[in-house]
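Just below is one structure, and these are the notes that go with it.
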Amino acid sequence: MSALQQIRLLESEDHPRLFPQDMGKLYAFDSMNCLEVIDRLLYLFRHKGFSLGAITYLHLVYCPRFPHGEVTVAYRFETNTCFLNVGCDVQTFNSWTLSQKNDFVIATIRRAIGLFTDAEGAKVVDDSFDAVLRYGAELAIPYKEKQGNPYTVRVLVKITDDLDFIPVVRIYDGDTLICEEILPPYSRDPFILQFGTITVGKKAVRITPRKSYEAEYYELKPIKIEIK
């Protein structure tokens with residue numbers, strides 16, 4: 001099973017099959033308004049091992065043709081992409097404040113994911129949404145862990161409202177936290193590329209970016225954290 005990789009917000013005046021486009025023309029809403037919430041959810045789901053089976057891409061298509069607030073599966077494209085109908089009255093939605101619009105969109109995302117989950121999965125989804133909405137940009141999401149001798153390194157990430165990815169590196173001796181480094185912010189792709197290999201020594205931790213053209217393009221360099 002693969003992790004859920006993308007939740008995309010689209011719109012259509014008549015039907016999801018009829019060339020849905022990014023939200024913004026029919027509905028006065030930019031998908032970027034809640035992208036930080038979506039990213040936090042995706043990273044938290046990844047950490048928890050939550051999956052929708054073969055589905056890795058969810059496309060929610062907001063459309064006035066369906067009852068307001070109703071979420072149903074529209075169709076599957078190939079095996080990993082699923083389109084869903086989201087009923088949304090244009091006049092009602094556009095009359096709301098940005099906060100109300102965000103609340104509605106997030107609630108429909110929650111409903112969409114819930115269509116594919118059993119009771120155990122629903123508990124993971126509920127806990128994840130609750131954590132993301134409660135802690136926001138302060139939520140430190142576990143991303144990567146490396147066990148060495150004698151130390152364990154845990155990399156967490158905080159995703160800001162401006163979509164900066166702030167790595168938090170914590171070094172443990174057993175259960176005791178002996179060092180914490182908050183690194184400068186990255187955008188999403190450089191963040192993923194930066195944490196390729198973690199090497200744990202007795203006096204330092206070295207983080208080496210993945211070897212790729214993209215890493216060279218972003219001018220990513222190894223990071224060394226000394227253990228004092």
Side-chain angles (χ1 to χ4, degrees), residues 1-7 34-53 55-57 80 113 120-121 123-228:
M1 294 189 295
S2 301
L4 185 60
Q5 297 180 25
Q6 184 187 71
I7 298 171
C34 62
L35 187 55
E36 73 281 3
V37 174
I38 292 174
D39 277 353
R40 290 169 193 149
L41 281 169
L42 293 178
Y43 273 74
L44 192 53
F45 286 158
R46 173 186 176 276
H47 164 64
K48 291 174 177 283
F50 175 78
S51 171
L52 296 183
I55 299 173
T56 54
Y57 298 92
N80 65 341
I113 295 172
E120 183 179 353
K123 177 68 165 56
V124 175
V125 171
D126 287 343
D127 289 346
S128 298
F129 269 89
D130 290 347
V132 164
L133 296 177
R134 176 179 297 181
Y135 298 107
E138 292 305 310
L139 181 64
I141 304 169
Y143 178 70
K144 205 164 191 177
E145 180 173 313
K146 174 71 174 184
Q147 292 186 343
N149 184 18
Y151 305 114
T152 298
V153 178
R154 293 177 183 142
V155 178
L156 302 92
V157 61
K158 292 184 176 183
I159 303 173
T160 72
D161 294 341
D162 294 324
L163 299 176
D164 286 328
F165 284 62
I166 302 177
V168 180
V169 180
R170 294 174 180 169
I171 303 172
Y172 292 82
D173 185 353
D175 294 329
T176 304
L177 176 64
I178 61 172
C179 179
E180 179 178 277
E181 289 279 344
I182 300 176
L183 302 180
Y186 295 80
S187 56
R188 181 181 181 275
D189 289 347
F191 167 77
I192 295 171
L193 293 167
Q194 177 65 67
F195 292 88
T197 303
I198 300 174
T199 305
V200 183
K202 292 186 177 182
K203 295 185 178 180
V205 169
R206 184 178 177 87
I207 299 169
T208 307
R210 298 180 185 180
K211 293 182 178 180
S212 66
Y213 166 79
E214 290 83 2
E216 293 180 4
Y217 172 79
Y218 289 116
E219 299 182 341
L220 300 177
K221 304 296 181 184
I223 297 170
K224 182 178 180 181
I225 299 174
E226 294 185 355
I227 301 173
K228 299 177 181 179

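None of these values were measured; they are calculated from a predicted model.
Remark: side-chain polar atoms of R206 are not paired, donor with acceptor, to backbone N or O of T197 under 3.5 angstrom. Between the side chain of K144 and the backbone N or O of V153 there is no donor-acceptor pair closer than 3.5 Å. Listed for the Q194 side chain is no donor-acceptor partner under 3.5 Å among the backbone atoms of D189. Between the R210 side chain and the A215 main chain, no donor and acceptor come within less than 3.5 Å of each other.
In terms of heavy atoms, I171 sits closest to L177 at O-CD1, 3.5 Å. Between A137 and T160, the shortest heavy-atom distance links the atoms CB-CA, 4.1 Å. Pairing each heavy atom of D173 with each of P150, the nearest pair is OD1-O, 4.1 Å. When all heavy atoms of P167 and P184 are compared, the pair lying nearest together is CD-O, 3.5 Å. Taking all atoms of both residues into account, the shortest heavy-atom contact from I141 to H47 is CG2-CB, 4.5 Å. When all heavy atoms of I207 and I198 are compared, the closest pair comes out as CG1-CG1, 4.4 Å.
With rounding to the nearest 0.5 angstrom, the CG atom of L41 is 11.0 Å from the NZ atom of K48. If you take CZ on R40 and CG on L35, they are separated by 10.0 Å, rounding to the nearest 0.5 Å. The distance from the CG atom of L44 to the OH atom of Y135 is 11.5 Å, given to the nearest 0.5 Å. For the atom pair R134 CZ and F129 CZ, the distance stands at 15.0 Å (nearest 0.5 Å). One finds the CD atom of E181 at 10.0 Å from the CD1 atom of I223 (value rounded to the nearest 0.5 Å). Between the CD atom of E36 and the CG atom of L163 there is a distance of 6.0 Å, given to the nearest 0.5 Å.
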Could you walk me through whether Y143 and V168 satisfy the side chain to side chain contact (heavy atoms under 4.5 Å, CB included) test, starting with their C-alpha distance in whole Å, then the side-chain angles of each, then the deciding distance to 0.1 Å, before giving a yes or no? CA-CA 10 Å; Y143 178 70; V168 180; over 6 Å; no
Show your reasoning for whether side chain to side chain contact (heavy atoms under 4.5 Å, CB included) applies to I7 and I113. CA-CA 10 Å; I7 298 171; I113 295 172; 4.2 Å; yes
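Note: Y43 and F165 meet the aromatic proximity criterion, with ring centroids under 6.0 Å apart.
The side-chain heavy atoms of L156 and P142, taken from C-beta on, include a pair separated by under 4.5 Å. Counting heavy atoms from C-beta outward, I225 and C179 have side chains that approach closer than 4.5 Å. Between V205 and Y151 there is no side-chain heavy-atom pair separated by less than 4.5 Å.
No more than 12 heavy atoms of other residues, nucleotides or ligands sit less than 6.0 Å from atom NZ of K146.
A salt bridge does not link E226 to K203: none of the charged side-chain nitrogens sits closer than 4.0 Å to a carboxylate oxygen.
Between Y186 and F195, the ring planes lie perpendicular to each other; the angle is over 60°, past the 30° to 60° tilted range.
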